[in-house]
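For reference, the structure discussed in these notes is given below.
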Amino acid sequence: MIDLKLLQNNFDATAIALQRKKVDSELITALKTANDLLKNAKLTYESAQAAQNERSRLFGQYKKEGKSTDELKIEVDAAKVQLVELLETQRNAQEALESLAMRVPNLPDESVPDGEDENDNIEIKKVLTPPTFSFTPKEHWELAEANGWIDFERGVKLAKSRFSVVSGMGARLERALINFMLDFNRERGFNEVSVPMLVNRRALEGTGQLPKFEDDLFKVDGEELFLIPTAEVPLTNLYQDEILNAQDLPIKMTGYTSCFRKEAGSGGRDVRGMIRQHQFHKVELVSITRADQSDAIFDEMVACASDLLTALGLPHRLVTLCTGDLGFGAAKTIDLEVWLPGQNSYREISSVSSTRDFQARRAKIRYKEEGKNKFVHTLNGSSLAVGRTMVALMENFQNEDGTITIPDVLQKYLS
RNA sequence: GGACAGUUGGCCGAGUGGUCGAAGGCGCACGCCUGGAACGCGUGUAUAGGGCAACCUAUCUAGGGUUCGAACCCCUAACUGUCCGCCA
């Protein structure tokens, strides 16, 4: 959630920042109005309540002194009717403000370039040179089926389209990758955590998937539980409603989970292969930091994901997302895109974001510093999406006969 | 899933209708004591919102009810514990 005080006191600057993220100006004005309304409603209600509390106190005193309470009772009853109305007004104002505020995205960092969509993202650097082939490289689904690694049809049979089955060396490689990634991250100081893959509404509101993006989530029938779209949700919400000690920060975590996404609105895109599935595996990084630590940790997380790709020998590039491509909760994001020879293009394999205090406000994650409670900064990033890493390995390390050369770093995880 | 018990501040724990934002303890902070420390003694120590401030409002898991007035009485829900059932 954005800082409503900032909106209140610094309306123009906040409005401009939000407009960079394509929030429409009517919504911003409505938010300010709702905030003002609530402030007034609270003030009115609270002073009425103060008067009523005083009358109640007197009531007790009169009783004790044996004085008549008849007149006071009439006053109290009259005020009570008023109070109920004022409370109602205040509640409505509160609800109105909340439902607006929860749908307003985070402000972009000043460093984020303006832009409409992914075409305006800015490449920071390329790492490793894409391989050259003496033959026409195949796309991963061809390789996967030829090697018996992935069975797309049977995945559909078991569930529906965009589900697949991985078997044999493919399944072993998947497991090897997960272990390799977790170990790699752990060596860089990220504590391994294993979390629930179903979470409640409150958790999803904390990280920003709800209330706006319910259509993207799988919900469990008959329960207020959802399948997680990313481990960012449980990992970040571990500290929901908590006040942490400043000296315990930063908290750096890594976790492996399956992720579940409806991929609503992505119809027709990446239908073949395992680039875009309803269920996929991902190793995630999440950090909870003090405000002054978050930029450094952000760089650390980007480096971690990039070095992981380098260790696997996968050519990739780093891209700064422009305002138009930035996610709902992100203040800034760097995507890592891996080279796919079969597709002859770079494709997203990791996305590292800082939400600054946006999620912390929603999830109420704070830390104590000099006796004051402050909101933490939360950061998340993939390291890496396992399925897409498999795709990249297949396409980059394919041989002319269709076999795949598995990188040395994974050998010890395959023995 | 069934039965019973519970949920109070950073933690433990008292509190059955007004004087309770809450005794006492632990922890923590500061001071005294000490060569220095421990012990001991003293003082302070929840959160959020509003106000320059005095102060006001809200919060004893959550929501609702009774009452002039609720941590306290009633209802519902969530969670925790124990026993039973089921189960990897």
Side-chain angles (χ1 to χ4, degrees), chain A residues 1-9 31-102 194-206 210 219-226 234 237-249 251 257-258 288 357 359-376:
Chain A
M1 193 153 82
I2 65 160
D3 184 355
L4 290 172
K5 261 189 195 159
L6 196 70
L7 184 77
Q8 182 91 31
N9 301 330
L31 193 64
K32 168 109 164 71
T33 311
N35 193 40
D36 290 344
L37 272 175
L38 176 61
K39 242 184 121 167
N40 279 328
K42 265 192 168 166
L43 209 66
T44 317
Y45 172 73
E46 282 178 7
S47 48
Q49 185 62 55
Q52 186 75 331
N53 284 346
E54 176 59 17
R55 279 188 284 267
S56 279
R57 201 190 55 79
L58 271 180
F59 198 100
Q61 195 184 318
Y62 284 10
K63 280 268 184 194
K64 202 181 277 177
E65 292 168 357
K67 283 206 244 175
S68 162
T69 53
D70 295 354
E71 253 178 72
L72 193 56
K73 176 97 168 72
I74 293 167
E75 255 183 71
V76 160
D77 286 346
K80 207 175 175 184
V81 177
Q82 270 275 308
L83 271 172
V84 170
E85 269 173 41
L86 289 174
L87 182 61
E88 188 63 19
T89 311
Q90 192 208 289
R91 275 195 190 156
N92 290 340
Q94 176 90 46
E95 234 169 74
L97 177 65
E98 251 165 44
S99 77
L100 276 175
M102 288 296 274
S194 176
V195 287
M197 297 191 211
L198 273 74
V199 294
N200 56 33
R201 196 170 279 277
R202 170 86 174 86
L204 287 153
E205 284 169 351
L210 290 181
K219 185 169 189 296
V220 179
D221 193 27
E223 300 265 357
E224 276 299 286
L225 290 172
F226 298 81
N237 279 289
L238 277 175
Y239 297 98
Q240 174 195 105
D241 285 324
E242 293 191 27
I243 299 171
L244 305 163
N245 291 321
Q247 66 266 25
D248 294 338
L249 301 178
I251 296 169
T257 68
S258 293
I288 313 250
D357 61 3
Q359 291 179 330
R361 267 173 212 289
R362 296 176 150 244
K364 292 208 178 67
I365 310 173
R366 291 166 294 180
Y367 67 103
K368 213 176 248 305
E369 193 174 66
E370 288 160 7
K372 282 293 274 184
N373 291 332
K374 297 184 175 174
F375 287 109
V376 300

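Every value quoted in this text rests on a predicted model; they were computed, and no experiment measured them. Lettering of chains follows the sequences in order, A, B, ..., and the numbering in each one begins at 1.
Between the side chain of A:Gln52 and the backbone N or O of A:Val76, at least one donor-acceptor pair lies under 3.5 Å.
Comparing the C1' positions of B:C11 and B:A46 gives an interatomic distance of 13 Å, to the nearest angstrom. Distance noted for atom P between B:U19 and B:C12: 26 Å (whole Å). Comparing B:U16 with B:C73, their P atoms are spaced 8 Å from each other, to the whole Å. Comparing B:U57 with B:G21, their P atoms are spaced 10 Å from each other, to the whole Å.
Side-chain contact check for A:Leu7 versus A:Lys32: some heavy-atom pair is nearer than 4.5 Å.
Note on A:Arg202: nothing from the nucleic acid sits closer than 4.0 angstrom, heavy atoms only. Counting any heavy atom pair closer than 4.0 Å across all strands shown, A:Lys364 reaches no nucleic acid atom. Residue A:Arg91 is classed as a sugar-phosphate contact, given heavy-atom separations below 4.0 Å to backbone atoms only.
Under 3.5 Å, the side chains of A:Gln8 and A:Asp3 contain no donor-acceptor pair of N or O atoms.
In this structure, CD of A:Glu242 is placed 18 Å from P of B:U61, rounded to the nearest angstrom. Rounded to whole angstrom, the span from the CG atom of A:Asp3 across to the C1' atom of B:G49 amounts to 14 Å. The distance between atom CD of A:Gln94 and atom P of B:G50, rounded to the nearest whole Å, is 12 Å.
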**Report entry** Heavy-atom protein contacts under 4.0 Å, nucleotides 68-79 of chain B, coded B base, S sugar-phosphate only, - none
**Finding:** BS----------

